[in-house]
S.K.: 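Shown below is the structure under consideration.
Chain naming here is simple, since letters A, B, ... match the order of the sequence lines and numbering starts at 1 in each. Hydrogens, waters and symmetry mates play no part in the numbers below; they use all other heavy atoms, side chains included.
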Amino acid sequence: MTARRLYGELSERIRAGPRWKRRRPPSVMRDSDPKEIPREEPPPVGGSWGRLYAAVLLNLAALVVLFYLFTRAFR
Amino acid sequence: MRPLDWVVLLAGFAGIVAYGVWKGRRTRDLDDFLVAHHSMRWHHVALSIMATQASAITFLATPGQAYTDGMRFVQVYLGLPVAMVVLSLTAVPLYHRLKVYTAYEYLEGRFDLKTRTLGALLFLALRGLSTGVSLYAPSVILSVVMGWDIRAVIFIIGGAVMLYASLGGARAVDNTNFLQFLIIMGGMFVAFLTIVRLLPDDVSFVEATRVAGKLGRLNAVDFSFDITNQYNFWSGLIGGCFLALAYFGTDQSQVQRYLSGESAAQSRLGLLFNGLVKVPMQFFILFLGAMVFAFYQFTEPPVFFNPVQLERARSGPRAPEFRALEEDYAAAFAEKQRAARAYIGALRANDESAAASASAELRSAQEKADGVRAGAVEVIRDFEPKPNDTNYVFLNFVTRYMPAGLVGLVLAAVFFASMSSTASEWSALAATTVVDIQRRLFKREAGDRYYLISSKLATVFWGLFAVAFAQYAGQLGSLVEAVNRLGSLFYGTLLGIFLLGFYFKRVVGTAAFLGALAGEAAVLYCFFFTKLAFLWYNVVGALVVVTAAHLINLLVGEAKKN
């Protein structure tokens with residue numbers, strides 16, 4: 001009985017993964033934690049969300065550089 | 001206005017209203033009315049978001065801003081793409097998962113009823129007042145430039161929006177926003193091409209642009225750090241990011257747009273598209289204004305662009321003095337035009353020293369013209385305490401120089417810009433009134449049909465309120481200005497509450513509520529007692545709410561332990 005319980009606990013721990021990877025217990029409102037929101041749904045275009053975020057931020061960086069060059073060129 | 005302009009304007013106006021009514025004809029339940037059954041594709045979401053943000057004032061005042069002050073205003077939008085990424089990661093999936101109708105519903109689940117009600121009331125008060133102003137402001141410009149009766153303009157815009165927004169709700173609003181925005185951008189693009197075509201034959205587009213640049217109108221970016229100046233890179237990136245987070249993440253008029261997305265992914269993509277194109281779009285509108293400035297280096301502009309105030313000054317008690325100033329202005333213009341042509345000649349000859357000397361002459365002539373204009377403004381100040389013609393520059397150019405048909409198109413674009421932002425605001429105000437106030441606080445168990453009819457009536461109510469407020473806004477004077485500033489006074493606080501909800505899960509409702517009060521007090525202190533640029537209010541408000549709520553949370557925790 002004890003061995004079976006021990007086996008059960010062990011398999012539960014293995015399934016749960018290492019302690020640092022486990023989810024924290026639910027807080028005041030589970031849905032309020034952005035980390036717990038599934039983000040698997042792929043974007044309709046662009047391949048992956050990471051790529052789209054990078055595109056938006058790189059576009060911003062490129063625009064700032066272009067604005068700087070524009071300001072200098074026509075100063 | 002020529003007959004062809006009337007045909008274009010009336011056909012466009014009637015067409016868009018009919019399209020809105022037709023699109024919303026099958027709205028049968030509350031979910032459809034408030035979030036269009038989550039049926040919008042990402043491109044609809046994106047353009048509806050952009051149409052909501054860009055009011056008629058954006059398209060009238062922004063080119064005028066570039067004309068008078070250059071293009072540095074574009075920096076206000078630099079934080080927006082960052083905010084779009086943050087919201088796509090956090091708020092959008094969260095709202096979709098919770099299936100909320102309003103952003104404030106989330107606050108009750110996360111904190112408590114009083115925090116939700118505080119958020120909803122803040123939104124209703126601010127947006128309710130500002131929607132009247134956003135109806136009044138373009139109406140007054142259209143009435144002044146076109147000579148139309150301001151009450152008629154307010155009734156026409158308000159009545160048309162009320163018709164399709166109250167019948168079709170979010171579905172009608174999102175579909176018309178989409179179409180309106182395409183027409184608005186088409187109108188702006190046509191205006192740009194017209195300016196380029198109207199430049200003198202012996203001056204190329206690049207040369208005209210160089211003249212505008214030499215006179216300080218192409219200053220798109222400034223890296224100097226100054227917290228009292230909102231038009232620099234740092235204010236735009238940091239303050240602008242907080243402002244965009246607050247506006248797109250907590251203002252129901254925007255939240256409702258992406259809640260109508262088919263899925264969280266469609267909504268997120270809509271926001272990211274906005275993050276990609278918003279800054280270039282603002283740059284384009286400002287560049288349009290800079291090109292109007294370049295055009296007026298070769299065609300004499302009026303000394304003041306508000307035609308009503310100009311005529312009043314010409315016929316007032318200081319008319320002889322004003323006439324003399326107008327003559328001086330014409331002489332200064334002739335001098336400036338000579339210097340501009342000399343500068344272009346030097347550029348063509350690749351003669352650097354001649355270009356430097358011509359450019360110094362050009363700037364000196366501009367200063368002289370500015371001095372004469374300042375004198376004219378002083379005369380106008382006798383009967384108008386705060387003379388400002390920035391909003392009239394672009395429309396003045398359109399009505400005086402654009403060909404028949406295109407004037408009607410640009411005017412239709414101005415009408416559509418006003419209608420799209422107004423429709424989104426009324427729809428959002430109705431949703432918050434019914435979902436967060438009526439259904440939550442007063443009548444919790446009525447059927448879907450009851451709330452659908454309530455939402456339609458609430459849209460009509462907010463429409464009537466805005467029309468009535470707009471009728472009297474002109475007489476309220478400084479209050480109009482106060483209402484315009486009001487948004488920036490409260491957005492930081494609202495954002496702080498939502499940041500607590502999203503990221504700090506140990507903070508309880510009472511701490512968030514009291515933190516919000518502390519944040520608001522800090523913003524009001526900055527407003528009354530400091531010279532901080534208004535973009536920074538959003539940063540101060542949000543940070544004080546988060547910090548104060550944490551401190552109060554500790555005290556509440558200690559009190560409970562004891």
Side-chain angles (χ1 to χ4, degrees), chain A residues 5-6 8-75, chain B residues 41-42 71-72 74-75 78-82 84-85 88-94 96-98 106 109-111 209-214 216-223 233 237 262-266 268-269 271-277 279-280 283 287 290 501-503 505-509:
Chain A
R5 204 175 68 195
L6 191 65
E9 275 179 17
L10 270 174
S11 356
E12 189 64 36
R13 281 190 189 181
I14 290 164
R15 263 201 301 277
R19 190 182 292 271
W20 59 274
K21 266 194 172 178
R22 283 180 216 160
R23 282 185 175 183
R24 282 193 260 173
S27 61
V28 183
M29 182 181 172
R30 270 185 55 127
D31 283 334
S32 67
D33 188 348
K35 288 177 196 156
E36 295 178 16
I37 296 163
R39 293 197 197 107
E40 304 86 72
E41 199 181 357
V45 293
S48 73
W49 289 112
R51 204 180 288 171
L52 285 176
Y53 296 143
V56 172
L57 297 176
L58 288 174
N59 178 58
L60 174 65
L63 284 170
V64 171
V65 172
L66 283 175
F67 290 170
Y68 173 70
L69 295 174
F70 177 83
T71 305
R72 270 192 61 169
F74 289 104
R75 190 178 291 161
Chain B
R41 305 275 297 165
W42 67 268
M71 294 181 64
R72 61 194 188 123
V74 74
Q75 296 168 107
L78 290 180
L80 186 143
V82 181
M84 294 303 100
V85 170
S88 296
L89 277 164
T90 54
V92 179
L94 185 61
H96 265 275
R97 189 182 177 192
L98 293 173
Y106 160 74
R110 171 61 183 85
F111 297 117
T209 308
R210 295 199 79 152
V211 170
K214 200 47 76 180
R217 295 308 188 273
L218 302 179
N219 51 343
V221 72
D222 169 13
F223 288 105
F233 175 79
L237 189 69
E262 198 177 88
S263 63
Q266 297 285 342
R268 290 164 85 182
L269 193 56
L271 275 180
L272 290 178
F273 183 80
N274 185 31
L276 269 177
V277 303
V279 179
F283 181 86
F287 190 59
F502 292 156
Y503 296 108
K505 53 191 187 175
R506 291 187 191 284
V507 175
V508 297

S.K.: Looking at OG1 of A:Thr71 and CG of B:Asp222, how far apart are the two atoms once the value is rounded to the nearest 0.5 Å?
M.R.: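 Here the interatomic distance stands at 9.0 Å.
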S.K.: Only counting residues at least two apart or in another chain, list the ones meeting ring-ring contact (aromatic ring centres under 6.0 Å, His included) with B:Phe223.
M.R.: A:Tyr68, B:Phe233
S.K.: Which word best sums up how the rings of B:Phe283 and A:Phe67 line up, parallel for under 30°, tilted for 30 to 60°, or perpendicular for over 60°?
M.R.: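 Rings of B:Phe283 and A:Phe67: parallel, under 30°.
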S.K.: How far does CZ of A:Phe70 sit from CG of B:Leu218, to the nearest 0.5 angstrom?
M.R.: 4.0 Å
S.K.: Report the option among A:Val56, A:Leu52, A:Asn59 that has the most heavy-atom pairs separated by less than 4.5 Å from atoms of chain B.
M.R.: A:Val56
S.K.: If you count heavy-atom pairs under 4.5 Å with chain A, which of B:Val82, B:Leu80, B:Thr209 comes out on top?
M.R.: B:Thr209
S.K.: State which residues pass side chain to side chain contact (heavy atoms under 4.5 Å, CB included) with B:Val277; sequence neighbours excluded, sorted by chain then number.
M.R.: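 Here the qualifying residues are B:Met50, B:Phe273.
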S.K.: Please report the shortest heavy-atom distance between B:Ala265 and A:Trp49, naming the atom on each side.
M.R.: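 Looks like O-CH2, 3.3 Å.
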S.K.: Please find the pair of heavy atoms, one from A:Pro44 and one from B:Gln266, that lie closest to each other, and give the distance.
M.R.: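 In this case the closest contact between A:Pro44 and B:Gln266 is CG-NE2, 3.5 Å.
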S.K.: Would you mind checking which part of B:Val211 comes under 4.5 Å of any heavy atom in chain A, side chain (CB onward), backbone (N, CA, C, O), both or neither?
M.R.: neither
S.K.: Need one label for B:Met71: side chain, backbone, both or neither, based on atoms under 4.5 Å from any heavy atom in chain A.
M.R.: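 For B:Met71, the side chain is the part near chain A, not the backbone.
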